[in-house]
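Worksheet: one structure, shown below.
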2 protein chains.
Amino acid sequence: VKSITVGGYLLTRLEQLGVKSMFGLPGDFNLGFLDLVEDHPDIDWVGNCNELNAGYAADGYARLKEGSLGVITTTFGVGELSAMNGIAGAFSEMVPVLHIVGVPSTVQQKTKPLLHHTLGDGRFDAYRQASTQFTIFDAALMSKTDAGQLIDQAITQCIQKARPVYLMLPTDMVLQEISSERLQIPLSNAPPPNAPAKEEFVIETIHERVKEADGDVVVLVDACVIRHGVRKEVKEFLKETGFPVYATPMGKTAVDENYNRYGGIYVGSLTHPTIKEKVENANLIISIGSLGTDFNTGNFSYNIPTRRHIELHSNYTQVQYARFDDIGMKQLLPKLTERLQSFHSVASKIEVPPFIKQLPKEESTVISHLWFWPRLGYFFKQRDVIVTETGTANFGILDVPLPADSILVSQVLWGSIGWSVGSCLGAALAAREKQLGRVILFVGDGSLQLTVQEIAVMIRKGLKPIIFVLNNKGYTIEKMIHGKYRKYNNISDWKWSALLDTLNDGGKFDTASYTVTTKRELSDLLDDSSFASADKIQLVEVLMEALDAPQALVRQAELTGKGNKY
Amino acid sequence: VKSITVGGYLLTRLEQLGVKSMFGLPGDFNLGFLDLVEDHPDIDWVGNCNELNAGYAADGYARLKEGSLGVITTTFGVGELSAMNGIAGAFSEMVPVLHIVGVPSTVQQKTKPLLHHTLGDGRFDAYRQASTQFTIFDAALMSKTDAGQLIDQAITQCIQKARPVYLMLPTDMVLQEISSERLQIPLSNAPPPNAPAKEEFVIETIHERVKEADGDVVVLVDACVIRHGVRKEVKEFLKETGFPVYATPMGKTAVDENYNRYGGIYVGSLTHPTIKEKVENANLIISIGSLGTDFNTGNFSYNIPTRRHIELHSNYTQVQYARFDDIGMKQLLPKLTERLQSFHSVASKIEVPPFIKQLPKEESTVISHLWFWPRLGYFFKQRDVIVTETGTANFGILDVPLPADSILVSQVLWGSIGWSVGSCLGAALAAREKQLGRVILFVGDGSLQLTVQEIAVMIRKGLKPIIFVLNNKGYTIEKMIHGKYRKYNNISDWKWSALLDTLNDGGKFDTASYTVTTKRELSDLLDDSSFASADKIQLVEVLMEALDAPQALVRQAELTGKGNKY
Ligand SMILES: Cc1ncc(C[n+]2csc(CCOP(=O)(O)OP(=O)(O)O)c2C)c(N)n1
Ligand SMILES: Cc1ncc(C[n+]2csc(CCOP(=O)(O)OP(=O)(O)O)c2C)c(N)n1
Ligand SMILES: [Mg+2]
Ligand SMILES: [Mg+2]
């Protein structure tokens, strides 16, 4: 077998998994590795503006490239630590991100000279130590002997568990030659198989429960359907069984929202009464991939007793009070589909309220959230990729039915503001690679200020997202929680319409910016086919009132405020 | 004694130490505390654009407010982790920064619900765990009983050791009432006293060595003179003894550069030959506050044998091969001054080469580094605060003699790019509080892209720095190290002259932007008294060649490259 450099080995593994874009910034300790990236015929180096944004971008990229992963490369200390919040977010939200850190040579790792980017006290392992809190695997490639094996282990952990991993690559290891033999066996993200007898037992138990329930079952899809790649299995399950299905906020678009057995969003006590009744009154509720976080459950207000609840997870199954470890949904679902399809005739008669949203009639010309989101509902198209930010946007989008094959990307659990901008960059690159449709970002004025520079990278990469900036002059979501009239919740009012022009790469790219202040102006713009075609990068500043917010947010904020009284 | 809220106690301590500006961003878990900050009559809340920038700002603020500290407040998880690189930098560079993190209530800390901003697995202590790598003290204020004491301990550690500390403030603790009694005893940054007999011995030993050296002594001032607040003691020492003095890169401006016994910068093998000879040939070299990092020592190329070397540090003293623990320079210096002043007549005859820099004659109109930095030398004034970024700027500034009472702020050890922008914000606020002179920032185009939004905060706060953007279309310093013609070292070419306008707060502030492409244009601008008066925020884009760099950088880069061969 031929030999290959350690850096080359790593890139070959990534290429095999379909990685076509890599994120990060150069630094003194990763330049040699970047030579290999730049020279790689199938991988494009996306130089980001800063490392946190690069982390967000890798996250957004990974979310769209199902079965693959996002990769960020940084430099020792200063670079890697800047990305830490991005990595922690990928951990929290279960996104497979590989963090490659270029570090001083293996010799320097041992002699520990007082190099720049060190803490000045010889602790060369401090950054790695910190990062173990936010990764499921970490390794330093310190010798040729195990470099290939460690790389394989890191990547496998990353894609199987959908969590970040951390890899230290010393300068002098990049070009070391190792055997390429292992490369012939591709890495797999397949979870370990379920134990057959136990699985059989679980299937029978679930069948029993469904029978007892007379087939009156409601399915609730959640985040992990998307994160653990079982969209297809779930679709099949729903089709064959005919069960009605609802989604949580983090499960939105896990199932096509125009699927005729889909009824909309369930979020505990914040749910629309009709939906709430349908879900909570079913004889049996099967949750798939659920993630019971505060914002995803209406502040833990599910009204679903354990006796009527079955949960399918990536690595266990819960039937009422009984927990079955290591029975994962990926393999369970197809078998369950087979076993339960006999209920189709009964189940398909269960009524599902249509999930539609009508434009409210409002006298005022002001763009309200109540009007804005349903109006956008008419603008979205099949295969659109929609990215929303923490703030009013994440709540506003919930009520809008999204078209078939559209994808919603949001970060409801981690909720780090500014994330959507980096994530949109990564998502837009992935969308281009996968030939999806338009990429549409909804971001608050406050959030955008955290990570605004990454728009420059979108421009430079020739991406053409439509960026809606919700300008309500501050941190409205925070105002809803606490400090409605506080100065600390107000922000500087930028000239948003000048932004694309300022960040354009020597004016080389075509851009367009708009400011809309009335419903009419926005409607006209949305109806403009040239605008809607998204043939260049566009920014729309939407002026909204400082204290206007989607209803779901108003109610969630009250609950959050109560949990954190001062 | 009266009672006071925990939040109020904390703010009173900060106020006592002269903190007038606090940095950070609001978040769901710190809003109640921010109420107190906003209502405090003497403390101003500086809402930053993002947390990393806020960390940098607290660092820059602390550097100027000697004896005081910088304070950043963030929110649980998302906020605090974003600031991590800023905190680590403060650790590395020995800057006293207090990190206050608003966290979920004490009840939630125990019940660990699946809140947003958590990792989804109930590890509420993960962020604190990670941060212990970069702080010298951390505490969670979980009960009234010890809240006051923990706050005092945290702040004392911070200012005594000049390192970051970490404080978790749960929502429900902010308004708890505690006794205000402790507040009557002010906190002190005074280091513990030296043991008298041991100190006496050290002084005698040093006196012996100076006598043996026939008074032929050279003093080398370094970073810790500034960080550990002994500028005044050093000045006195130099005046009374008459010893010649030189500075390292990180010690620049520790001693007035126009002091007549000051000879310029010593940086090992990269030193100007005349200076190198003077320093290395002295019979005895006394280093004060030295920090032997790669960039600070010409890549460890000091030619000073231990036999001729004495080092005074904040917490130990080294005389040749002998180490004396716990003999700190703050108290040692005045006594040493007394003991060694008898050498004044001999020492004051030692010749010191004048530290001046003449404008080179160059045919070309292009702005070269060789010409740029000395030219700026004529522009600087007394009490100017000069902030320089990692990259060509940090090296270029070294050769320019700076005026009396001017302050240089740079981050040579940690070297995180983008730092200078946040740091400049903090420094400018401190400079305004202390009524210092102009604030002048030199930042590369690459570095500025990492943290550009913080300029908006400078504008909004009515600050008036002069910002020189060195536009050489990329990461020139990296090109010098590796990858001279690599794409990964190139960046997007923004419309820098439009930046201030775009980030202006609703156009409320007066701003001015300039682009200079020739020596003449720059000279004319610098000579323009209205420009030089810095009566509004100004940005100067300076066009430079992609592969031009200061000589010291070219040589340092070669050495760095050698240490990290691929
Ligand atoms: C990194 C980070 N810092 C701070 C917060 C706290 N936070 C949550 S939402 C928000 C305000 C968002 O404001 P904006 O984007 O303008 O949204 P909108 O006004 O539409 O609610 C803040 C400061 C956070 N979630 N993440
Ligand atoms: C946070 C961080 N990321 C990456 C680096 C690696 N790095 C050091 S200097 C530099 C380039 C700086 O470029 P610029 O500011 O344009 O300076 P110049 O071109 O004048 O050298 C980079 C990428 C770093 N030091 N810190
Ligand atoms: Mg807003
Ligand atoms: Mg540059």
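Note on naming: letters A, B, ... go to the chains in the order of the sequence lines (proteins, then strands), and numbering restarts at 1 for each one.
Proximity of a side-chain donor or acceptor of A/Y566 to a complementary backbone N or O of B/L175 within less than 3.5 Å is not detected. Not one N or O on the side chain of A/Q133 forms a donor-acceptor pair closer than 3.5 Å with the backbone of B/Q129.
Heavy-atom pairs under 4.5 Å with chain A were tallied for B/T297, B/L499, B/L119; the largest tally goes to B/L119. Residue with the most contacts toward chain B among A/G47, A/G415, A/G120: A/G415 (heavy-atom pairs, distance under 4.5 Å). Ranked by heavy-atom pairs shorter than 4.5 Å toward chain A, the options B/S492, B/A88, B/G27 are led by B/S492. For the options A/I481, A/L115, A/V37, heavy-atom pairs under 4.5 Å to chain B are most numerous at A/L115. Chain B forms the most heavy-atom pairs under 4.5 Å with one residue out of A/W419, A/F33, A/W496, A/Y127, and that residue is A/Y127. Counting heavy-atom pairs under 4.5 Å between each of A/N504, A/N53, A/T451, A/D28 and chain B puts A/D28 at the top. Of the listed residues (B/Q108, B/M84, B/E80, B/E93), the greatest number of heavy-atom pairs within a distance under 4.5 Å of chain A belongs to B/Q108. For the options B/A126, B/G483, B/A498, heavy-atom pairs under 4.5 Å to chain A are most numerous at B/A126. Taking chain B as the reference chain and counting heavy-atom pairs below 4.5 Å, the highest number among A/V107, A/I417, A/L291, A/T171 is found for A/T171. Put simply, of A/H482, A/Q449, A/K487, A/Q411, the one with the most heavy-atom pairs under 4.5 Å next to chain B is A/H482. Heavy-atom pairs under 4.5 Å with chain A peak, among B/H117, B/E454, B/Q176, at B/H117.
Under the ring pair (Phe, Tyr, Trp, His ring centres under 6.0 Å) criterion, B/F134 pairs with no residue, sequence neighbours left out.
With salt bridges taken as basic N to acidic carboxylate O contacts below 4.0 Å, none links B/D505 and A/K473.
There is no contact between A/V46 and chain B, counting heavy-atom distances below 4.5 Å. Both the backbone and the side chain of B/S105 come within contact range of chain A, judged by heavy atoms closer than 4.5 Å. With a threshold of 4.5 angstrom between heavy atoms, A/R163 approaches chain B through side-chain atoms but not through N, CA, C or O. Contact of B/E478 with chain A is made through backbone and side chain together, with heavy-atom distances under 4.5 Å. Only the side chain of A/F295 comes within contact range of chain B, with heavy atoms under 4.5 Å apart. Contacts of B/L34 with chain A are made by both backbone and side-chain atoms, with heavy-atom separations under 4.5 Å. At a 4.5 Å heavy-atom cutoff, the contact between B/V174 and chain A is made by side-chain atoms alone. For B/N490, the parts lying under 4.5 angstrom from a heavy atom of chain A are both the backbone and the side chain. B/I477 does not touch chain A: none of its heavy atoms, backbone or side chain, sits under 4.5 Å away. Residue contact with chain B, scored on non-hydrogen atoms closer than 4.5 Å, involves the backbone of A/N30 exclusively. Using a 4.5 Å cut-off between heavy atoms, B/D172 touches chain A through backbone and side chain atoms alike.
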What do the steps show when you test A/L413 against B/T118 for side chain to side chain contact (heavy atoms under 4.5 Å, CB included), and what is the final call?
CA-CA 7 Å; A/L413 170 51; B/T118 69; 4.2 Å; yes
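For the pair B/L25 and A/Y475, the tightest heavy-atom approach, listed with the atom from each and the gap, is CD2-OH, 3.7 Å.
Atom CZ of A/R123 is separated from atom CZ of B/F91 by 4.5 Å, given to the nearest 0.5 angstrom. Here NE2 of B/H116 is found 12.5 Å from CG of A/N296. Values are rounded to the nearest 0.5 Å. From B/N50, atom CG reaches atom CD of A/Q453 across 7.5 Å, with rounding to the nearest 0.5 Å. Atom-to-atom distance recorded for B/K495:NZ and A/D501:CG is 3.5 Å, nearest 0.5 angstrom. The CH2 atom of B/W494 lies 4.5 Å from the SG atom of A/C49; values are rounded to the nearest 0.5 Å. Atoms CZ and CG, on A/R460 and B/D493 in that order, are 9.5 Å from each other to the nearest 0.5 Å.
B/L52 is not listed as a side-chain neighbour of A/L52, based on a closest heavy-atom distance of 4.5 Å or more. A 4.5 Å side-chain heavy-atom check between A/F29 and B/T560 finds every atom pair outside the cut-off. Looking at heavy atoms from C-beta onward, A/D35 lies in side-chain contact with B/R486 at the 4.5 angstrom threshold. The side-chain heavy atoms of B/N489 and A/P26, taken from C-beta on, include a pair separated by under 4.5 Å.
The side chain to side chain donor-acceptor pair (under 3.5 Å) contacts involving residues 82-91 of chain B comprise A/S82-B/N85, A/N85-B/S82, B/Y56-B/N85, B/N85-B/W414, B/N85-B/S416, where partners must be two or more places apart or lie in separate chains.
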